[in-house]
Amino acid sequence: MASREYTEKSGVSRRSLLGAAGAGLGGAVLLSPQTAFASSAPQLWTQPDHVGTPDVHGVHLQFGSDASREVVVSWFTPQSVARPRVLLGSAEDGFGHSTPADTATYRDAASGTEVFVHHARLSGLRPDTDYMYAAIHEGTTPMIASFRTAPRGRAPFTFTSFGDQGTPTLGKLGTSSTGSQIYVNDNLGSPAAGDTVTGIERVAPLFHLVNGDLCYANIANDRVRTWSDWFINNSRSARFRPWMPAAGNHENELGNGPIGYGAYQTYFTVPAPDTDAEVKGLWYAFTAGSVRVISLNNDDVCFQDGGNSYVHGYSAGEQRRFLAAELASARADRDIDWIVVVMHQVVISTADRFNGADRGIREEWVPLFDQYGVDLVVCGHEHHYERSHPIRGQQPNDTLTPIPVATNLSTIDTSQGTVHLVIGGGGTSAPSNALFFDPPQCRVITAVGPVGSNGKRPPVYVNEDAPWSAFRDKEHSYGFAAFTVDPGDRRGGTTSMHVTYYAVTGPFGALTAVDEFTLVRPRRDGAPTP
Ligand SMILES: [Fe+2]
Ligand SMILES: [Fe+2]
């Protein structure tokens with residue numbers, strides 16, 4: 001391998017790195033200090049030999065538990081690489097501090113391919129601050145991007161959310177109706193899976209919540225390529241702002257890890273509690289401003305047999321104990337106003353002939369959401385957009401029908417009840433917005449039958465009326481929701497969260513506001529001291 005030395009001391013500027021990487025010449029390059037990103041002194045750069053070295057691939061970010069202080073930078077390669085690390089800096093001062101990345105691996109059980117994922121944890125960051133960074137390993141071009149840390153305390157910011165994306169790529173050689181060989185998408189993807197990313201970048205949120213069913217690798221011919229395609233498509237957003245995921249049923253891949261989430265668990269480093277490696281990262285929480293976000297994996301409690309393997313009950317109550325403890329501590333925290341849950345399968349849906357809602361979530365999670373006053377739940381699984389009225393309590397029937405506590409469509413007090421949003425139009429080729437019951441009803445999976453000839457447990461459905469149904473978007477298949485937090489201006493006053501659901505069309509992410517409303521609740525800093 002040719003020499004590939006360069007300096008990492010303070011002062012290597014963004015433009016300098018770009019200049020060196022873009023020069024395409026071997027040998028040493030003397031970097032100029034005359035850059036747009038002020039540099040303190042000339043630096044020596046030796047152009048690496050690229051042959052045989054994998055690129056810095058699929059760069060994506062995750063927040064730590066405190067989004068104002070910690071960010072993890074991640075990327076992956078098909079082989080081990082030397083000295084994976086992240087150089088951190090700012091537009092004003094250039095790159096300085098170098099943080100080594102830890103490398104995690106998994107071997108895809110279907111292909112035997114091993115994937116090496118590099119995670120560099122950047123700690124001790126300043127709140128509400130823009131940083132530049134360069135992700136790099138030996139012998140390749142650095143990937144340079146930026147991020148912004150969350151504000152600390154009560155401050156305005158915007159986040160976004162969708163689920164059920166897939167990829168806009170072709171992964172399988174098939175046969176056309178005329179017998180010719182053509183490539184097809186085999187992971188429920190469509191061109192819209194690219195458009196929605198462009199749409200997110202138009203809003204440029206602080207972070208994006210991904211409500212499960214990320215890339216549908218578990219049904220794809222080439223799972224590793226499918227994950228790669230997903231990260232390539234999304235890195236144009238996820239390297240600038242954390243995409244914080246929840247695992248969906250399509251993250252369950254046969255043979256990958258003890259319960260099927262090994263790929264998902266390897267690609268992401270989320271702020272998870274200390275648990276057995278088998279379940280690590282499947283549930284976690286983080287704080288941004290006055291918002292506590294809790295991510296859950298619903299396959300633990302759902303009846304539906306929706307993954308490659310049936311893992312109902314896999315945590316033996318550990319995830320529920322985490323949720324109860326997280327909710328109790330968030331509600332006792334006078335700095336936290338909003339509790340937002342991101343998860344995949346749904347408590348409410350008015351689509352016919354699709355998945356439906358799952359009684360398992362209504363049994364296991366919803367009483368806790370009620371007890372601790374969760375404000376907002378975002379999910380996917382159903383491939384459309386709809387929202388509920390605020391719900392609290394359940395009817396004593398077979399389906400545990402949620403009870404709406406208010407019907408105002410424009411302003412909703414979430415201290416009275418939890419608003420659920422289904423945001424499953426991230427880009428799949430199988431939208432469900434044309435399948436709504438009219439008038440609204442809900443198919444609820446209340447149990448599963450014995451394993452059938454296809455190896456799956458068939459769902460047992462019970463239909464219910466849907467008095468909790470507030471809005472459905474019948475017209476558009478794809479989009480995302482944006483949430484803008486306004487902390488309010490006085491202690492003990494009201495804080496609000498303005499919500500807009502945008503339909504997305506076209507390669508430039510054209511946005512149409514389809515549904516707009518405002519969530520309000522009392523600030524917790526006015527609560528009596530316990
Ligand atoms: Fe899905
Ligand atoms: Fe799903």
Side-chain angles (χ1 to χ4, degrees), residues 56 58-76 86 88 99 101-102 117-135 143-152 155 157-163 165 196-197 199-212 214-215 227 230-247 251 264-272 281-296 338 340-343 378 423 426 480-485:
V56 176
V59 177
H60 58 283
L61 304 174
Q62 299 104 127
F63 277 138
S65 172
D66 179 349
S68 73
R69 304 299 298 266
E70 194 170 71
V71 167
V72 178
V73 179
S74 307
W75 69 100
F76 53 98
V86 166
L88 184 66
T99 301
D102 293 327
V117 189
H118 316 291
H119 301 281
R121 183 181 298 276
L122 309 175
S123 302
L125 303 172
R126 290 191 299 273
D128 207 22
T129 300
D130 290 314
Y131 286 90
M132 305 291 298
Y133 70 93
M143 174 62 80
I144 295 166
S146 63
F147 62 78
R148 185 173 186 83
T149 50
R152 198 162 178 74
F157 67 90
T158 296
F159 65 96
T160 55
S161 171
F162 68 55
Q165 187 184 9
T196 51
V197 183
I200 295 295
E201 284 308 284
R202 285 195 168 207
V203 172
L206 179 66
F207 61 91
H208 177 58
L209 299 176
V210 193
N211 313 340
L214 312 182
C215 61
W227 277 107
W230 191 76
F231 280 109
I232 288 174
N233 180 40
N234 295 339
S235 181
R236 58 201 164 106
S237 173
R239 71 175 181 264
F240 299 110
R241 58 201 89 256
W243 281 40
M244 302 299 288
E251 276 63 71
Y264 174 87
Q265 290 168 286
T266 309
Y267 284 113
F268 295 101
T269 291
V270 290
L282 296 178
W283 53 85
Y284 65 90
F286 67 98
T287 298
S290 59
V291 180
R292 186 74 172 160
V293 178
I294 302 174
S295 176
L296 302 175
W338 299 93
V340 175
V341 169
V342 54
M343 60 189 203
V378 295
I423 318 168
F480 64 90
F483 306 82
T484 298
V485 177

Correct closest heavy-atom pair for Arg239 and Val59 would be CB-O, 3.5 Å
Closest heavy-atom pair, Phe286 versus Arg292, reported as atoms and distance to 0.1 Å, is C-NH1, 3.3 Å
Do Leu214 and Trp227 have side chains that approach each other closer than 4.5 Å (heavy atoms only, starting at C-beta)?
yes
Inset, instruction - Taking the side chain as every heavy atom from C-beta outward, state whether Phe159 and Val293 have any atom pair closer than 4.5 Å. - result: no
**OP:** Could you tell me whether the side chains of Ser161 and Asn211 share a donor-acceptor contact shorter than 3.5 Å?
**Re:** yes
Heavy-atom closest pair (Pro271 atom, Tyr284 atom, distance to 0.1 Å) is O-CB, 3.1 Å
In this structure, OG1 of Thr160 is separated from CH2 of Trp243 (nearest 0.5 Å) by 7.5 Å
Is a side-chain donor-acceptor pair under 3.5 Å present for Ser235 with His60? no
Q | Donor-acceptor contact present, side-chain Tyr131 to main-chain Arg126, <3.5 Å | A | yes
Here the pair of heavy atoms bringing Phe162 nearest to Gly426 is CD1-CA, 3.8 Å
Look only at the side chain of Ser295 and the backbone of Pro245, and say whether a donor-acceptor pair between them is shorter than 3.5 Å. yes
Residues Ser65 and Glu70: closest non-hydrogen pair is N-OE1, 4.1 Å
Backbone N/O of Thr266 and side chain of His119: donor-acceptor pair under 3.5 Å:
yes
Taken to the nearest 0.5 Å, the spacing of Ser74 OG from Tyr267 OH works out to 12.0 Å
Would Thr149 and Ser68 count as having a side-chain donor-acceptor pair, cut-off 3.5 Å? no
Report yes if the side chains of Asp102 and Thr269 come closer than 4.5 Å at any heavy-atom pair, otherwise no.
no
**Asked** Please walk me through it: do Asp66 and Arg152 pass salt bridge (Lys or Arg N to Asp or Glu O under 4.0 Å)?
**Response** CA-CA 9 Å; Asp66 179 349; Arg152 198 162 178 74; 2.6 Å; yes
| query | Thr99 versus Tyr133: any side-chain heavy-atom pair under 4.5 Å? | reply | no
Rounded to the nearest 0.5 Å, the CH2 atom of Trp338 sits from the OG atom of Ser290 at a distance of 8.0 Å
Check your understanding: Does the Gln265 side chain pair with the main chain of Gly281, one donor and one acceptor, at a distance under 3.5 Å?
Key -> no
- prompt: Do side-chain atoms of Tyr264 reach the backbone of Ala247 as a donor and acceptor pair under 3.5 angstrom?
  reply: yes
TODO: Please report the C-alpha distance between Phe483 and Val291 in whole Å, then the side-chain angles of each, then the deciding distance to 0.1 Å, and finally whether the side-chain contact (heavy atoms from CB on, under 4.5 Å) criterion is met.
DONE: CA-CA 11 Å; Phe483 306 82; Val291 180; over 6 Å; no
Check whether any side-chain heavy atom of Asn234 sits under 4.5 Å from a side-chain heavy atom of His208, and report yes or no.
no
What one should report as the nearest heavy-atom pair of Pro151 and Phe157 is CG-CD2, 4.0 Å
- Query: Hey, does Val342 have a side-chain heavy atom less than 4.5 Å from the side chain of Met244?
  - Reply: no
inquiry  = Quick one, Trp230 and Val210 - any side-chain contact, counting heavy atoms below 4.5 Å?
reply    = yes
The single option from Leu206, Thr129, Val71 that satisfies side-chain contact (heavy atoms from CB on, under 4.5 Å) with Phe147 is Val71
Checklist entry - So, the side chain of Gln62 versus the backbone of Val270: is there a donor-acceptor pair under 3.5 Å, distance only? => result no
